Each structure stands twice: as structure tokens, then as C-alpha cells.
Amino acid sequence: MPLQAQATGNTYTICDSGCDFTSLTDAIASGISGDTVTITNTFTFDEFSESDNMYLPADATLECAAGVTYGSAGQASKIIWPGTNSVIRDCTFENINFDTSTGNNVSILDNTFTALAQMAITVTNTDGFTITGNTGIQHIQIQSPQNGLIDNNTFECRYNTNCIGFYNDTPDNITVSNNTITNYNTSYGGDYVTINKGTNISFLRNTLQSVAVDDLYITMMTVESGDTYIAGNYFLLPEKPIGANNATWVLNIRVGSDQIDTVIEHNTIVDNFSTSSSGNTAIGLYDNGGNPNTTVNITANYNIFYDPNTTPISTAFTLSYTLGSAQVTLND
């Protein structure tokens with residue numbers, strides 16, 4: 001029988017032999033609320049020893065020794081559900097997903113996510129979360145949380161989905177800052193970052209870039225709802241094949257049914273010799289018509305758009321909307 005841990009602030013270990021537990025599932029079942037569980041470097045992941053859904057108790061910390069990989073691309077994927085005030089840190093994860101809907105004040109810190117299997121962090125109905133210092137994050141899906149920070153991470157987006165997406169009911173008071181976000185999918189047209197819903201969303205000092213891609217129409221970042229502050233970021237347009245005729249829109253304001261208030265300032269946008277025959281756009285507004293005279297307020301100050309091509313055909317602003325469908329104010 002596994003050791004029955006008590007919520008006394010103790011530290012317990014997981015390994016193949018000689019530790020307190022042989023699996024994370026057994027550690028959780030013992031009752032580790034308030035305790036720290038360390039996966040040691042003599043642990044071997046076994047899909048049959050771990051539950052498909054592992055609910056980390058409140059106030060628990062999950063950490064790993066150097067060199068440990070939890071999960072396996074060749075075995076079944078698992079989901080970890082962090083509890084309130086739980087911390088997940090210093091681990092390498094492979095084929096492991098996360099969903100924070102079972103806790104508040106969740107911290108995911110200084111972990112590494114391998115590129116060998118598709119993984120996502122889903123932040124749902126969480127009041128307070130911190131995702132910082134992680135490497136190789138593939139996708140974060142923001143669904144109705146509030147008071148969150150996504151800071152100083154590196155993203156490696158390799159699958160047919162965006163890197164960061166805001167969806168569902170209204171996420172509130174979320175800051176995305178100081179991240180390096182790189183798209184590795186050569187045949188996916190974007191968006192790399194999507195804010196479909198949200199209030200008090202700040203996107204600050206991030207680098208958003210891509211490997212060379214196919215001849216695709218791409219929107220690097222889309223804002224469709226709420227109030228956003230986009231400042232101090234560096235956008236490097238993806239290179240495309242010679243003769244490409246599909247454009248890239250860097251910041252796309254997409255008119256829908258919700259009011260949009262966005263401030264875009266002090267950003268640097270570099271065309272990177274990626275001009276297509278149709279021309280690229282630094283900041284664009286698109287309205288497909290039929291909206292209820294949606295209010296769109298755009299303030300764009302002190303942005304730099306650099307096109308190194310000898311015959312530039314790209315534009316700083318492209319505003320495409322229908323009177324009666326969108327009511328647009330641009331302060332530049």
C-alpha cells in the first residue's frame with residue numbers, strides 16, 4: 001500500500017523503487033494537500049500506472065528532479081488538473097495536458113514542454129493564475145479566467161491551432177508579457193494569437209515570429225472583442241516563397257458583434273523581405289458586413305513599420321469596413 005501522506009507541509013518522492021510512491025496517481029490518492037511531491041530521476045513513466053485525469057489537491061506542489069520527463073509521446077496522453085493554490089514547477093512534460101478549471105491561484109513555473117507530442121494548457125474559470133518561465137509551450141487556451149499573468153515563456157507552436165487564444169465568456173485582467181512566440185507550422189495560416197473575447201487584456205513586450213511558411217494568407221494577431229492594450233512588442237513577418245501572392249496582416253482588428261476598444265503603441269513591425277504581390281499590412285481592420293453597427297475604437301501611436309524591400313507595396317493601415325455594419329474611430 002502507498003504511504004498515506006498528510007497535509008503537513010512534508011515532501012514526498014516518486015520513483016520506480018525505494019521512494020514514498022511509484023506514481024503520481026498513488027501520491028494524489030494518498031492525500032497530499034499542502035505537501036510537495038518530487039518526481040526523482042529514477043522514475044520511469046508508465047501510462048498504465050497513471051490515471052487519465054489526475055487532480056492535484058489544493059496547496060500541493062509538484063516538482064521534478066533534473067533530467068526527469070513525465071509522460072511519453074509513445075504512450076497515452078494524460079491530463080493534470082491543478083487545485084487551488086497548487087504549484088507545478090521544474091518538470092519536463094511530454095504528452096501531458098493541463099486544465100485549471102478545478103482551482104484558483106494556480107502557478108505553472110519553469111517547466112519544459114517537449115515537441116514530441118501535442119500539448120495544451122487550458123485556463124478555465126480560474127481566479128488567479130501565473131504561467132511564467134516555461135519553455136516550449138505549444139498552446140494556451142484562455143476560457144473565462146480572471147487576474148492572470150503569462151510572462152517570460154517561450155512558445156513553440158507546431159500544430160493546427162494558435163499559440164494563445166482567448167475564447168468563451170469574458171476573460172478579465174490578463175497580462176501576456178515578455179514572451180517569445182514562434183510559429184513552427186509551415187502550412188497553417190494563423191492566427192498566432194487570437195483575442196476573441198476579453199476585457200483588460202494587455203499584450204506587452206512580446207516577440208511574435210515564425211519560421212518560413214507556405215504561400216498562405218496569415219493574420220499574426222487578431223483582436224475581435226473587448227478592450228486591449230498592445231504595446232512594446234516586436235513582430236517579425238514570416239518569410240514566404242518567392243512569388244507568393246498571399247498577404248500577411250500583422251495586427252488584425254476583426255469586426256463582430258462586440259464593441260472593440262484597442263490601444264496599439266510603441267510596437268515594431270518588420271516586413272522581413274516577405275512582401276507578397278498583394279502587399280502586407282501592419283494594422284488592418286476587417287468587417288465582413290452584417291454587424292449591428294458595432295463600435296470600434298482604435299488608437300495607434302508611435303508604431304514603427306519597416307519594409308526593407310526596394311519597391312515597397314505594403315501598407316501601415318488597411319481599413320476595410322461597411323457603413324452601418326461598423327462605426328470606426330481611428331486615432332493615429
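The model shown is predicted, which means the values in this text are computed figures rather than measured ones.
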Would you indicate whether the side-chain heavy atoms of [Y] and [X] approach each other to under 4.5 Å?
| X | Y | result |
| --- | --- | --- |
| I14 | C19 | no |
| T42 | D16 | no |
| L62 | L56 | yes |
| T112 | F93 | no |
| V123 | I131 | yes |
| Y192 | F155 | no |
| V223 | L251 | no |
| F305 | F235 | no |

Is [X] reaching over with its side chain to a backbone N or O of [Y], donor-acceptor style, under 3.5 angstrom?
| X | Y | answer |
| --- | --- | --- |
| E63 | R89 | no |
| Q75 | E47 | yes |
| T170 | G198 | no |
| T126 | T124 | yes |
| N303 | I264 | yes |
| Q138 | M119 | yes |
| D110 | D90 | no |
| D227 | N200 | yes |

Separation between [atom1] of [X] and [atom2] of [Y], rounded to the nearest 0.5 Å:
| X | Y | atom1 | atom2 | result |
| --- | --- | --- | --- | --- |
| S257 | N291 | OG | CG | 7.0 Å |
| I96 | M54 | CD1 | CE | 5.0 Å |
| L285 | T318 | CG | OG1 | 10.0 Å |
| Q143 | I140 | CD | CD1 | 12.5 Å |
| L204 | I201 | CG | CD1 | 11.0 Å |
| T329 | I298 | OG1 | CD1 | 9.0 Å |

- prompt: Taking a hydrophobic cluster as the set of Ile, Leu, Val, Met, Phe, Trp and Tyr residues connected by side-chain heavy atoms closer than 4.5 Å, whether directly or through intermediates, do Y321 and V296 fall within one such cluster?
  reply: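 As far as the 4.5 Å side-chain criterion goes, V296 and Y321 are connected within one cluster.
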- Message: Assigning hydrophobic clusters by single linkage (Ile, Leu, Val, Met, Phe, Trp, Tyr; side-chain heavy-atom cutoff under 4.5 Å), is I137 placed with I79?
- Response: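 I137 and I79: separate clusters.
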Closest non-hydrogen atom pair, [X] against [Y]:
| X | Y | result |
| --- | --- | --- |
| G256 | T294 | O-OG1, 2.5 Å |
| G232 | N267 | N-OD1, 3.3 Å |
| E94 | L116 | OE1-CD1, 3.3 Å |

Would you say the side-chain atoms of K240 and T248 include a donor-acceptor pair closer than 3.5 Å?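 Yes.
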**Asked** Between V176, T175, T132, which is the residue that forms a side-chain contact (heavy atoms from CB on, under 4.5 Å) with I150?
**Response**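 Considering V176, T175, T132, a side-chain contact (heavy atoms from CB on, under 4.5 Å) with I150 is found only for V176.
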Worksheet item: Testing V87, N85, D59 for side-chain contact (heavy atoms from CB on, under 4.5 Å) with N105, which one passes?
Response: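 By the side-chain contact (heavy atoms from CB on, under 4.5 Å) criterion, N105 pairs with just one of V87, N85, D59: N85.
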- Task: Write out all pairs satisfying ring-ring contact (aromatic ring centres under 6.0 Å, His included) with one or both partners inside residues 56-85, taking only residues at least two apart or from two chains.
- Result: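 Non-adjacent pairs meeting ring-ring contact (aromatic ring centres under 6.0 Å, His included): F43-Y70, F45-Y70, Y55-W81.
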- prompt: Any Lys/Arg nitrogen of E50 or K78 sitting under 4.0 Å from an Asp/Glu carboxylate oxygen of the other?
  reply: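 Salt bridge flag = no for K78 with E50.
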| field | D287 and R254 ion-paired at < 4.0 Å | value |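 Result for this pair is no, no salt bridge flagged.
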Under the side-chain hydrogen bond (donor to acceptor under 3.5 Å, both in side chains) test against N206, which residue among N179, N178, N153, D151 passes?
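Single side-chain hydrogen bond (donor to acceptor under 3.5 Å, both in side chains) partner of N206 among N179, N178, N153, D151: N179.
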>> Set out, in order, the CA-CA distance, both residues' side-chain angles and the distance that settles ring-ring contact (aromatic ring centres under 6.0 Å, His included) for Y159 and Y184, then state yes or no.
In response: CA-CA 8 Å; Y159 301 94; Y184 285 88; over 10 Å; no
